[in-house]
Structure formats: structure tokens, C-alpha cells
Amino acid sequence: MEGFDTVISGGDVGDGTGAPRRRADIGIRDDRIAAVGDLSGARAGARIDATGRCVAPGCIDAHTHDDNIVFATPDMAMKASQGVTTVIAVNCGVSLAPLTLAGPPPPPLDLLGDRSAYRFARVADYLAALDAAPPATNIAAMAGHSTLRVGAMDRCDRAATADEIAAMRARLEAALAAGAIGFSTGLFYPPARHAPTEEVIALAAVAAAHAALYATHMRDEGDRVLDAIRESARIGAEAGLPVILSHHKVAGMANHGRSAETLALIDETRRRQRLGFDVYPYVAASTVLSAERVGVASRTLVTWSKRVPEASGRDLADIAREWSITPAEAVARLLPAGAIYFMMSEDDVRRILRHPEAMIGSDGLPHDDHPHPRLWGSFPRVLGHYSRELALFPLEEAVRRMTGLTAARFGLRDRGAIRPGAFADLVVFDPASIVDRASFAAPRGPAAGVGTVLVDGRALWRDAAPTGARPGRALRRGDLDAPMRDWRPAA
Ligand code: ZN
């Protein structure tokens, strides 16, 4: 037997398909898995002892806003510490490129940073910057509808004109040609709220021609969530491309329990067309601060405020009481700002997580002063809390929802799998102790139970710290498989 650069020995391998774990060694040569089996007699440049541990494909974070943090903190500790090896960026219609700005970015573009972050006139420039300064994890980026609108329109509180749509189509075409893997919208947010469905279809059709997919933060995740799912499906059907419903939830106390309806509609839609979704494992959402959202939440925490930085981490109700004003008035004083909203029910979160189509995506907001704990905790929370402690599904199934399923949905070729020929993106973890430690009170900090994490065979996380290696790559559409190519009509 030829030697290996690295052998991970003695671990229980959960291969990303959901199949039961089995004891096996993994031999790595260059950036790929070269062998899986008994490699006890093989020569190895290095050995990682995984006895008593689980070895899984590195997690793929299906939903991130990591577009800019990959430059600011390229060790990606908040993701590497969870076993994440690939992040899907540019969700909710917000991308850094293609856009340069004369003033401050309008919400929610400000979630990625201030004006200086918007420095890429073309997606090709953004991807080239990643090639020149690669992060520790892989990153695949979509192109954002709100960013296109802000760049092409003098004001966003109306439908785009035919000329503006043509300009956006040209920029989207260039983004996809450069390697963007999809087109995302945030139809809930002000920059895109006034875009009619037809505008989105006209743009999504450009993505369809590149075998890219459509991901959407829908127009409504509350009272009209079913209409919003139907709109998303219509966009996918008429433009002819796969759809991902982002961070699926039912928001607002009046809608608690309605995930039974939304999942039934998703299942019905999946009989006709390619549709998937991601979810984060928490009952609280997080985005920019708005009085509208405060109104449907049982509790609101401030995550950042430009004008009142010391409000970060505090309860909006306490701030309003201290200032002797209403919460809505406090919102106006804090803006621009971000918040965490407690507005989902635990039953809905569990029902959505349990659905076999549920990909795990953190939706973490890495630039927030006091971020939602999903940024540091999502993946270990699913493995430790929801799988081990609550037995929502077996550990192997939890692994599938963060690896093999996600790779298939996004078309990430040779990732999310443990088999000879796959990229050596791997995580070693202790199934008995892995759990999130980030909390709403103390939202930063690594999970328990995560050991070595490798991208392309190189360790980026070891002994509870980043190694300093930055083996990640900017993944481009042209290097990937077609998204959801394994799709068959649901039964
Ligand atoms: Zn979103």
C-alpha cells in the first residue's frame, strides 16, 4: 500500500449519507481522501488518533453572511470551531459585489460592514481578492438582488424599470460568469420589498441559464408565509431553476404551530419542482432592528447600534423603560441597529429541523457587537442538543443535514462526503460531549467536543484553537455540479 500524508485512525466514520457509523481509518493524500478502511499498516506522514471519536465530512454552512468576515478574520474561528469547512455566502439578497457606494450602505446591507466594505465593482474582483487572501474555510458566493438594486436604481421604493432590469441582468450575468453559484433575494427587506415577482423572475432566469440556483429570504415569514412560499415556487418554476427557502421559520406568536402547514406546502411543491430549505436551531431570529419585528416578538435584544453602542447585548424593553419612552421610540433612537427577536416556537423549530430536507445553516451575523449565538453554536447545537439530548434524529442523520444533503443541494462536487476521491474536508468530534456553548448572554466562544478540523487535508482547527493555516478556496459555479441534480419528484 502506498503511503499517505495523513491517516485519521480508529474513528467511527459518519460518511454524510446518513448511513450508520462504522469503524474505519481515513487515508489522505494531497487534498483528497485516498482510502477508507483498515490502514493500520500503512505509512503515514502524520496520524490523527480518533479512537472513541466520530469522523464526519466537514460541515457546510448552508446560510451565511460571511462575505466580508473572511477578509477581516480569515481564520474563521467562529465557524472552524464548529467543524464547518465550507460556507455559502451572499444570502438574503445582500452581497458586497458588485457595488461601490458614495454613502453608508442602506439596511440590511450594513450587516456586512460600512461603506468601506463595498469596494468590489465586480464579483470577479471579489473572488480574485479571496484567491489572493484565502480564508481558512472554503467559501461559495451567490449574487444578491438587493445589492444589484442599490447599484442600479436611484431609489428602491418602487419596481425596477425595464432599463434597470436590463442593467441588473447584465451585472448578474457577469457575476455568474465569474463564478457566483446562485442568485439570492431578501424580498422582506426595504431595498427589495417593492420588487414585483416578475422582476425577480427576469433576474432568476439569468441564473437558470448558468445552472445556478435561487435562494430567498421570502417576502413574508409570518401571517402570509404560505403566499411567500407560493411566490418562491413560482419564481423557480417560471425561471426554471432550483429554489432554496432560507432560514425557514414561522414568525410571530400568532403563527406558532403553522410549520405543519408550511412543511405540507413544501412537500406538495417538491412533487413538481426542485425546492429545498435551510434552518437554524434556535427560537430567536436576528437581523436589523425594526419596530415592525419588535411588534411580533416576545422579547428583543439589541445586537449593535451605531448611535448607542452601549445598548449592545441589552433588552430593548429595559432600554425603553430606562429612557421612559415606548419600545418603538427606543428603536428610532437606536437606528441604525441590529437585534435578536424571540418570535418562533420551539415546537416549530423542532418540526422544521426534523424534516428530512432540512439543511443546517447558521445565518450568523459576524459583524454584530453582541451576535446571536447561532454564529458560534449552530452545528454543535444540532449534534449535541437536538440529536443527542433530545433524540430528534440519530447523529448520522444530523451529520447528513449539515454535509451530504447540503453538498447535493448546492452541487458542491466531491464535498460533504467521506469516500475515496472526495476532498479531505473533515471534522473529528466527540459524540458524547459535543455541544454549543455560545448563549444569548455570552454569544462568543467555541463549542465543546470539536477536535481537529481539516480542509483539503490541512488542519485549520486543532486543540481548541485555529492553527493559522488558511487552506480554503473560493468555489466557483464552473467547478461544481448542477445544484439538486439528484432531484426526483417527492412521493
Ligand atoms: Zn435572511
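Starting from 1, each residue takes its place in the sequence as its number. Counting starts at 1 for both ligands and their atoms, in listed order.
Between L187 and the options R193, M218, H145, a side-chain contact (heavy atoms from CB on, under 4.5 Å) holds for only H145.
In the displayed structure, R158 atom CZ is contacted under 6.0 Å by more than 12 heavy atoms of other residues, nucleotides or ligands.
Looking only at distances, no side-chain donor or acceptor of R122 sits under 3.5 Å from a matching main-chain atom of A178.
With sequence neighbours excluded, the residues satisfying side chain to side chain contact (heavy atoms under 4.5 Å, CB included) with T147 are S95, P98, L99, L109.
Within the protein, the N, O or S atoms sitting under 2.8 Å from the Zn ion (ligand 1) are C92 SG, H217 ND1, H247 NE2.
Side-chain atoms of R374 and S286, non-hydrogen and from C-beta on, do get closer than 4.5 Å to each other.
A salt bridge links K79 with D66; the closest basic N to acidic carboxylate O contact falls under 4.0 Å.
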